Trainee: 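First, the structure itself, so that you have it in front of you.
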Amino acid sequence: MLRLPKFNLVSPKSIDEVVQALADSKGRGRILAGGTDLLPNLKHEFIEADIVVSLGEVDELRGIEVSADGGLSIGPLTSLADIASNEHVLRIAPALAQAAGTVAGPQHRIMGTIGGNVMLDTRCQWINQSHFWRSSLGFCLKKDGTACHVVEGGSRCVAAASNDTAAALASLGASLDFQNAPTEHGDGKRTLEFEALFKADGAWNKKVTPTELLTRIHIPATPRGHRGGYVKLRLRGSIDFPLLGVASRLDLDEAGKIEHADLVVIALQARPTRVRKAAKLLIGTTPGQANYDTAVAQVMDAAYKQCTPLPNIPGDHEWRQEMVPVYVKRALAAALG
Amino acid sequence: MGARDQHGSGAPWGDDFRAVGKSLRKIEGLSKATGEAVYADDIVLPGMLHAKTLRSPHAHARIVSIDASKALALEGVHAVITGADLPTKYGVIPWTKDENALAVDKVRFIGDEVAAVAAVDEDTANAAVRLIEVEYEELYSYFEPEESLERHEPAIHEKNKHGNVSKHVELDFGDVDAAFASADVVLEDDFVFHGSTHAAIEPHCAVARTSADGLVTLWSSTQITHYVQREVSRVLGIPQSRLRVIQPVLGGAFGGKSDPFSLEFVVSKLALITGRPVKMLWTREEVFYAHRGRHPMNLRYKTGVTKDGQITGVDAKILIDGGSYSSFGLVTTYYSGQLLTGPYDFPSYRFNSTRVFTNKPPCGPKRGHGSVQPRFAFEIQLDELAEAIDMDPIELRRKNDIGESTKTVNGQRVTSNGFGRCLDEVERASEWKSRRGKLPMGAGLGVAGSMYISGTNYPIYPNDMPQAGIQLKVDRSGLVTAFTGGNDIGQGSSSVVRTILCEELGLDPLDVRVVAADTDLCPVDLGAYSSRVTFMVGNATIDACRKLRKLIVEAVAAKWEIDAKRVYLGTGEVFDTDERETKITTREAFEIAEAFHDTLGSTGAYNTPTLGGDYRGGSIGASPAYSFTAHVVEVDVDTETGMIDLKNVWVAHDCGRALNPMLVAGQMEGSAYMGIVEAVFENHRVNRFGLHSGPSLLDYPLATSVDTPELHALIVESIDPEGPYGGKEAGEGPLHPALPALSNAIFDAVGIRLRELPFTPGRVLAALREKAAADSQTGGTSC
Ligand SMILES: Cc1cc2nc3c(=O)[nH]c(=O)nc-3n(C[C@H](O)[C@H](O)[C@H](O)COP(=O)(O)OP(=O)(O)OC[C@H]3O[C@@H](n4cnc5c(N)ncnc54)[C@H](O)[C@@H]3O)c2cc1C
Ligand code: SF4
């Protein structure tokens, strides 16, 4: 078995203690939730840590509640299995439940958390490998090297955001509460719109640092006619990361006409890809009627043009591109159930 | 064949079998389920050191220098060794010894072993490995077999006489050209078989210990204890009698543990140097580098048939990508041609197979060694021929069934043959007649057949001693212990031994122990490969039991003063058949026998008869009995994505007699799974740097339970005249037809012929598109 490098493990009991421990780590700390991403990455040595701060005993980070506005407030330590089966999530944010239910395999979903999924590191066939393996090709830009093996001559890492729930959360307009240790300048708290979390750099695709604690996920209320779906391309029916993931959102009015539509694609590049313009073509059409079918065909076409998978994650990227329109269509169908 | 090796196929004592044919639970089943079983990595010895390997980061390079001084200086490091410490070359085949435990002068693939460290714990050993400094001079690397065929400088193995060609075999049987001239339809096509690996759940592990008087004990997760003992003793210069090799409980092998491996030499050497026990456990990544999996092959087949479906001749040309070492490659090259000549009767046949070296992880034997790839190509070609002459593909196969008690075109003797019944069974169970060609677009059925060996009479190193030996020890408590060299790798060989003891001596399964694969204790068996164990160890066990039974019956007869013929022993009690009330237990009979003869025991052995064609290589692939298989596969093809949904596999397999139907069915299901998954999910390959494309179980996907089709095991029993009670193999044969039957099913489903593996969705979509374009040109319909 690959050995886990040595680090100090601390298990605080409150958010305040967590952020303090992280501040004390001077940037050499890492947050451990379910560990299903962090531990393999530590073993592969492209993430290093002197101190690992376990969230396991911080009960205030758990739980799913319906908030006053009828939306959802979710603790980041909630397991993916719970998200996938929770009745409020299924009702208010069906795309999120579907996405959580497709992450990895059943055991991972019990260990793995929604916070860990939001904060999942990017993935690339050239980085998610052992130190020896990476050393034999002189490493790469993301860690220890100077070249990218995906984009020859590229100066920026294009490893792919591969978190299934990110597509769904983006389509739901979620926002995220983060917390750092308080300083003389402030309480260390901030809230980011979900999409504002991400930047187009696969080396670290987030605008927060690795030691900033995600404390809450908010999902605004969805209208009564809200429909949401998530479909995922993968070779096996379980375990595998997405080769492509598409979340769809369709809010219907009382007559069944689409008032608001959204599509978000994951596993292309370092940030989730919103195909909003394409989705707009659906507004005003009514599922079941010809105008909807015509619009879907246009949306598929537009999505195909906007989304260009790279050979960053394993698998045939040309085939992945061909699957964009197919999975857009299927995501819309999944929303309509 | 000596008379001692033939035992008849019926129930030995009376009309019915008592243990044979019963689905007895595996001998080690409960201990595995409870965690009590001791695998190699469970072995922890006082003072034990841990060893790790430094591997080559280059695909092909000369080693200029190695400096281990920093590693040696690290606290906790006990020893560092390099190729200079183990300079003797080894290899499982005596004619092609081209491996070193640690590289001498050269490395030949990324992952090749260069140096090893023994230290107080794994982390220290790993840290020390990174401190070893190696200077390399890179050499030109070969990743394409076609190139190795053409270019020989630099040679991957400088001492090899034929440049980068590892083995070439050409054999001709009958007039193939005339056969094509007389055929009504001749088809010729290219096929590509990709690489795949075994992915046994247990990574390789070895532990060695030396004693003060110089004896060495090596525990290793191997399926060939005997060959490991031979090679390790030779390389280390220890007499075989002083090297004890033990195989602990094994977590799967599938051919991936049938070579001697670097770690076995390394831990033994390090134990000798340090005087401490040494363990090495490979990571999953290291197992992928060690590989020895299925060879990629480029195959060209040409086959002729008459209008009424008679095969007239077959011509095969095969290029085999061997990777960096020979391993079993000599045998692979022969098998690629020699094992195709059944279950169909070809009047003429020729093949031309060439194995070349490339700078990739070495290939070797994987379940269905050397014959799965040709079978893939040939069974697709048969399907195409059936289509060309407008004949049902099952019918075509039936028509050419070679039958029983006959000889193949290359001179292999066929005894029992249940292939016709296998075809009947899959045809019936899949409702072939009412469904094939009639399912909705996207759904389809495909068939394929195959034949495989139950061991061969080629013993790897030529010798006249038995291929399988066993020894029985009888205890006055009523316990019988069998000592067998046979490697139980999860396939159930020790369970088969137990079943036979129960049958022959009327014992309760709990009154039988089986001690296996320990070279100090057990007579030699050649190991678990070529599906030889049930047949050979089974016959040896019957032999030993019958000798023992004779002793017991003789002693009881003397005591009762009756003729030995009147003594019945077989159901846990021993009685006089003329006076039934004269009755004792088996245990009492053992006591009588021990008193009469002194300490009781017996030995048994098996050797194959002289078999095979009278030409060079004629004995390779010559088996005392062949198993036969037919599959029907049902698929659903998603024409939008190109993804294949595996629905059903019906596997009919002729295993002679099913000594334990549950274990036979398990082998059939496991084989069918392994074969079909190879076609859809697996691809063992290197990337553009020559580096393994993803040495982990995430990047190298195996089907999960949700991806696995329904597997229907249909046992066919042909009762072989020479097998133990008529039994034959069931471990490898049932894999073969899965891949071509899948291709044939895809043709039925969507009208495309997939001749290149793996069947990735991208490839399926491209073929669908090509077909649509062709159809629109010819005005044809899609399927
Ligand atoms: C075999 C396998 C298959 C997988 N397949 C998938 C898949 O299909 N789809 C998918 O999306 N993922 C997949 N994963 C990844 C992983 O299981 C999931 O993403 C899971 O949700 C991660 O959650 P975790 O709690 O285990 O995260 P951890 O491993 O504990 O953390 C992941 C990252 O998030 C950070 N983090 C965790 N919690 C917080 C917090 N509250 N605030 C700030 N930072 C935090 C950690 O520091 C770390 O960098 C797979 C993993 C494996 C091993
Ligand atoms: S995208 Fe390039 S830099 Fe980033 S991980 Fe992959 S190879 Fe490395």
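When reading the values below, keep in mind they use all heavy atoms of this one structure, side chains included, and skip hydrogens, waters and symmetry mates. Here is the naming used below: chain letters follow the sequence lines, and residue numbers restart at 1 for every chain. Since this is a predicted model, take the numbers as computed values, not measurements.
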Trainee: When you look at CE of A:Met300, are more than 12 heavy atoms from neighbouring residues, nucleotides or ligands closer to it than 6.0 Å?
Mentor: yes
Trainee: Can you say whether B:Asp121 sits under 4.5 Å from chain A via the side chain, the backbone, both, or neither, judging by heavy atoms?
Mentor: neither
Trainee: Could you tell me which of B:Val706, B:Val680, B:Thr641 has the largest number of non-hydrogen atom pairs under 4.5 Å with chain A?
Mentor: B:Thr641
Trainee: Does any heavy atom of chain B fall under 4.5 Å from the side chain of A:Ser238, the backbone, both, or neither of them?
Mentor: both
Trainee: Between A:Glu318 and chain B, with a heavy-atom cut-off of 4.5 Å, which part of the residue counts as in contact: side chain, backbone, both or neither?
Mentor: neither
Trainee: Indicate yes or no for a side-chain donor-acceptor contact from A:His131 to the backbone of A:Lys43 under 3.5 Å, with no hydrogens or angles considered.
Mentor: no
Trainee: Are B:Phe288 and B:Trp282 near enough that their ring centres are under 6.0 Å apart?
Mentor: no
Trainee: Quick check for you: to the nearest 0.5 Å, what is the distance between B:His60 atom NE2 and B:Glu137 atom CD?
Mentor: 10.5 Å
Trainee: Just by modelled atom types, is the A:Gly237 backbone N or O under 3.5 Å from a matching donor or acceptor in the A:Arg234 side chain?
Mentor: yes
Trainee: Among A:Gln125, A:Arg320, A:Glu322, single out the residue with the greatest number of heavy-atom pairs under 4.5 Å to chain B.
Mentor: A:Glu322
Trainee: Checking B:Pro761 against chain A: side chain, backbone, both or neither under 4.5 Å from a heavy atom?
Mentor: both
Trainee: Which is it for A:Phe7 and A:Leu42 under the side chain to side chain contact (heavy atoms under 4.5 Å, CB included) test, yes or no, and what are the steps along the way?
Mentor: CA-CA 10 Å; A:Phe7 49 74; A:Leu42 286 168; 3.9 Å; yes
Trainee: Give a yes or no on whether the ring-centroid distance for B:His194 and B:His684 is below 6.0 angstrom.
Mentor: no
Trainee: What residue, out of B:Gly690, B:Ser705, B:Ala703, B:Pro695, has the most heavy-atom pairs lying under 4.5 Å from chain A?
Mentor: B:Pro695
Trainee: Would A:Tyr304 and A:Gln321 satisfy side chain to side chain donor-acceptor pair (under 3.5 Å), going step by step from the backbone distance to the final call?
Mentor: CA-CA 7 Å; A:Tyr304 177 78; A:Gln321 172 137 33; 4.7 Å; no
Trainee: Could you look at A:Trp133 and say if it's the side chain, the backbone, both or neither that has a heavy atom under 4.5 Å from chain B?
Mentor: both
Trainee: For B:Thr760, is it the side chain, the backbone, both or neither that has a heavy atom under 4.5 Å from a heavy atom of chain A?
Mentor: neither
Trainee: Using modelled atom types and a 3.5 Å cut-off, is there a donor and acceptor pairing between side-chain atoms of A:Thr273 and backbone atoms of A:Gln269?
Mentor: no
Trainee: Which atoms of B:Glu640 come close to chain A, meaning under 4.5 Å heavy atom to heavy atom: side chain ones, backbone ones, both, or neither?
Mentor: both
Trainee: Please identify, among B:Leu691, B:Thr704, B:Ile644, the residue contributing the most non-hydrogen atom pairs under 4.5 Å to chain A.
Mentor: B:Leu691
Trainee: Taking every heavy-atom pair that is under 4.5 Å apart, which of B:Arg284, B:His692, B:Glu286 has the most such pairs with chain A?
Mentor: B:His692
Trainee: So which part of B:Leu646 gets closer than 4.5 Å to some heavy atom of chain A, the side chain, the backbone, both or neither?
Mentor: neither
Trainee: Go through A:Arg3, A:Arg236, A:Met1 and name the one with the most non-hydrogen pairs under 4.5 angstrom from chain B.
Mentor: A:Arg236
Trainee: Out of B:Val129, B:Leu765, B:Asn683, B:Leu702, which one racks up the most heavy-atom pairs below 4.5 Å with chain A?
Mentor: B:Leu702
Trainee: Can you say whether B:Arg763 sits under 4.5 Å from chain A via the side chain, the backbone, both, or neither, judging by heavy atoms?
Mentor: neither
Trainee: Could you tell me whether the side chain of A:Thr122 and the main chain of A:Ala159 form a donor-acceptor pair under 3.5 Å?
Mentor: no
Trainee: Measuring heavy-atom distances to chain A, does B:Ser696 have an atom under 4.5 Å in its side chain, in its backbone, in both, or in neither?
Mentor: neither
Trainee: Are more than 12 heavy atoms from other residues, nucleotides or ligands located less than 6.0 Å from atom CG of A:Leu9?
Mentor: yes
Trainee: Side chain from CB out, backbone as N, CA, C, O: work out which of these in A:Arg330 comes under 4.5 Å of a heavy atom of chain B, or both, or neither.
Mentor: side chain
Trainee: Which atoms of B:Asp41 are under 4.5 Å from chain A, going by heavy atoms: the side chain, the backbone, both sets, or neither?
Mentor: neither
Trainee: Look at the side chain of B:Glu202 and the backbone N and O of B:Gly251, then say whether any donor-acceptor pair between them is shorter than 3.5 Å.
Mentor: yes
